[in-house]
*Asks:* 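I have a structure here, written as structure tokens, and I will follow up with some questions on it.
Computed from a predicted structure; not experimentally measured. Each chain gets a letter, A, B and so on, in the order the sequences are listed, and its residues count up from 1.
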There are 2 protein chains.
Amino acid sequence: MKTAERILLVSLELFNQQGETNVSSVDIALELDISPGNLYYHYKGKDSIITALFAMYQSRMIKILNAPANDSLSLEEFFYYLLLVFQVSHEYRFLYRNPSEIAEKYAKIARGFRRILKQKENVFDTCLKSFYEQDLLLGDTQQRQQIVELIGLIATQTPNYHLLKGEEINDGDYIFQSLATILFALTPYMQMSKEAYQELDETVRNLCKEA
Amino acid sequence: MKTAERILLVSLELFNQQGETNVSSVDIALELDISPGNLYYHYKGKDSIITALFAMYQSRMIKILNAPANDSLSLEEFFYYLLLVFQVSHEYRFLYRNPSEIAEKYAKIARGFRRILKQKENVFDTCLKSFYEQDLLLGDTQQRQQIVELIGLIATQTPNYHLLKGEEINDGDYIFQSLATILFALTPYMQMSKEAYQELDETVRNLCKEA
DNA sequence: GTCTATATCGGGATAGAC
DNA sequence: GTCTATCCCGATATAGAC
């Protein structure tokens, strides 16, 4: 593997593990067994590494978000879709650990973040609309808007919340937590029996385990 | 006012405005028109300032959380109570901007954070139990547990979510946003007409405006 | 209590040899 | 492409005079 590529991979790993601010360029070089000078030959410091990592994240996420929402989307499909979104976010989770820090340091990334978030909410809204048209979802337009906001909040902030609580949870559980919470928040507005809820909860759990 | 006191107040303001990592001890001294040496005479660096600020936050929050939950608590009272909690959190909001950073740097604070969060969830749970016993709240114990988690998530993470979206909102609106979202998430499980919901939403809005 | 001056340390960044 | 050596800078921290 080329050095430039290795730098990105190792940086991503270190950032995810220890948080962006706690990893210096020297740390990265050390971990790679190369000299700081060499690192700077490939990337002009942490800034350009982070920019490159964000570009990777962004392009993958956009691909997922552009997958056209089927107009007879099922709830299962919706959650499968959410799972894809979460998996990518999780691979680049350091970006979400303290977004405010990162956004302050890198204006470009802040814009990209907002764009992606907006697009996510659009997609959520489209999905909910589809449910509504299938008579699966109750409630009016205003409520749908609130649900979208709530899903956005859960989707982006659940990991931080669990971090705050100091809970040690592994990768799969942590994605499941987010999905389960979304399901829970969504259920009251869905035309759905308690049995169907529990079944879906189980399905989602298994999906996460496989992944 | 004594210098030691002024240091705390100005530090709090700067931290809230610019984020803890972006404010150096020199910045604080400069803002106060005193020398860095003088600052160090009173507090041994940012660490001890932050520790002192956290202690203030903690003692105020604990006082609020210890206010015994009335066993015939009304929804209005519950939201008034939440408002108090949010106001204090908001005064020390820099602590919540990137809790993971702060928790990593200051182990003591991390423990304090977790204790407070735990206590908050306990209080929420007590309130919900009271609603349940008054036949205001539907659902079983497990659902109540999930509601508590969801409220905790909304209460602590809503500000960050809006920061992430890059929305500029002022202090009052931002507290109202959190309360409104909690109300929205709670409603489906409450024995409550749509009119009662909107009325309460309005009441909460006014409460926030006054505050 | 407060100041000035200075020491220290770590991270970011570059020059030049190989 | 990679290394060593070095520089720069900002933040933290202390000493000693007033």
*Asks:* Could you please name the option among D/dG1, C/dC3, C/dT2 that lies closest to any side-chain atom of B/T3?
*Replies:*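 From the listed options, C/dT2 comes nearest.
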*Asks:* Given 3.5 Å as the limit, does a donor-acceptor pair link the side chain of A/T158 with the main chain of A/A155, or not?
*Replies:*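 Checking the backbone N and O of A/A155 against the side chain of A/T158, no donor-acceptor pair under 3.5 Å is found.
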*Asks:* Round to a whole Å and report the spacing from CD1 of A/I28 to C1' of C/dA13.
*Replies:*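 About 14 Å, once rounded to whole Å.
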*Asks:* Between A/Y96 and A/Y57, what is the ring plane arrangement, given parallel below 30°, perpendicular above 60°, and tilted in between?
*Replies:*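 Taking A/Y57 first and then A/Y96, their aromatic rings stand perpendicular (interplane angle over 60°).
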*Asks:* For residues 13-26 of chain B, pull every pair meeting salt bridge (Lys or Arg N to Asp or Glu O under 4.0 Å), keeping only residues two or more places apart or in separate chains.
*Replies:*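 Passing the test, one end in residues 13-26 of chain B: B/E20-B/K46, B/E20-B/K105.
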*Asks:* Name every donor-acceptor pair, under 3.5 Å, that has one atom in a side chain of residues 202-211 of chain B and the other anywhere in the protein, sequence neighbours excluded.
*Replies:*
residue: B/T203; atom: OG1; partner: B/E199; partner atom: O; Å: 2.9
residue: B/R205; atom: NH2; partner: B/D201; partner atom: OD2; Å: 3.4
residue: B/N206; atom: ND2; partner: B/E202; partner atom: O; Å: 3.4

*Asks:* Side chains of B/Q157 and A/N160: is there a donor and an acceptor less than 3.5 Å apart?
*Replies:*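 No, A/N160 and B/Q157 have no side-chain donor paired with an acceptor closer than 3.5 Å.
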*Asks:* For A/I49 and C/dA13, what is the distance between atoms CD1 and P respectively, to the nearest whole Å?
*Replies:*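 That distance rounds to 10 Å.
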*Asks:* Checking A/F131 now: which residues fulfil ring-ring contact (aromatic ring centres under 6.0 Å, His included) with it, not counting sequence neighbours?
*Replies:*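 Applying ring-ring contact (aromatic ring centres under 6.0 Å, His included) to A/F131 gives A/F78.
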*Asks:* Per the ring pair (Phe, Tyr, Trp, His ring centres under 6.0 Å) rule, what does the pair list look like for residues 5-53 of chain A, sequence neighbours excluded?
*Replies:*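 Sorted result for residues 5-53 of chain A: A/F15-A/F94.
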*Asks:* Can you check the B/Y41 OH to C/dT4 C1' distance for me, whole Å?
*Replies:*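 So the OH-C1' distance, B/Y41 to C/dT4, works out to 17 Å.
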*Asks:* What integer distance in Å separates A/H42:NE2 from C/dA13:C1'?
*Replies:*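 Atom-to-atom, A/H42 to C/dA13, this comes out as 16 Å.
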*Asks:* Summarise protein proximity over nucleotides 4-18 of chain D in one line of letters, 5' to 3': B for base, S for sugar-phosphate only, - for none, counting protein heavy atoms closer than 4.0 Å.
*Replies:* B------SBBB----
*Asks:* May I have the distance from B/D33 (atom CG) to C/dG1 (atom P), rounded to whole angstrom?
*Replies:*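 Distance, rounded to whole Å: 19 Å.
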*Asks:* Consider only side-chain N and O atoms of B/E101 and A/T21, and report whether a donor and an acceptor are under 3.5 Å apart.
*Replies:*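 Distance-only check passes for B/E101 and A/T21.
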*Asks:* How far does the helix from C/dG1-D/dC18 to C/dC18-D/dG1 bend, going by the axes of its first and last five pairs, to the nearest 10°?
*Replies:*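 One end's axis against the other's: 10°.
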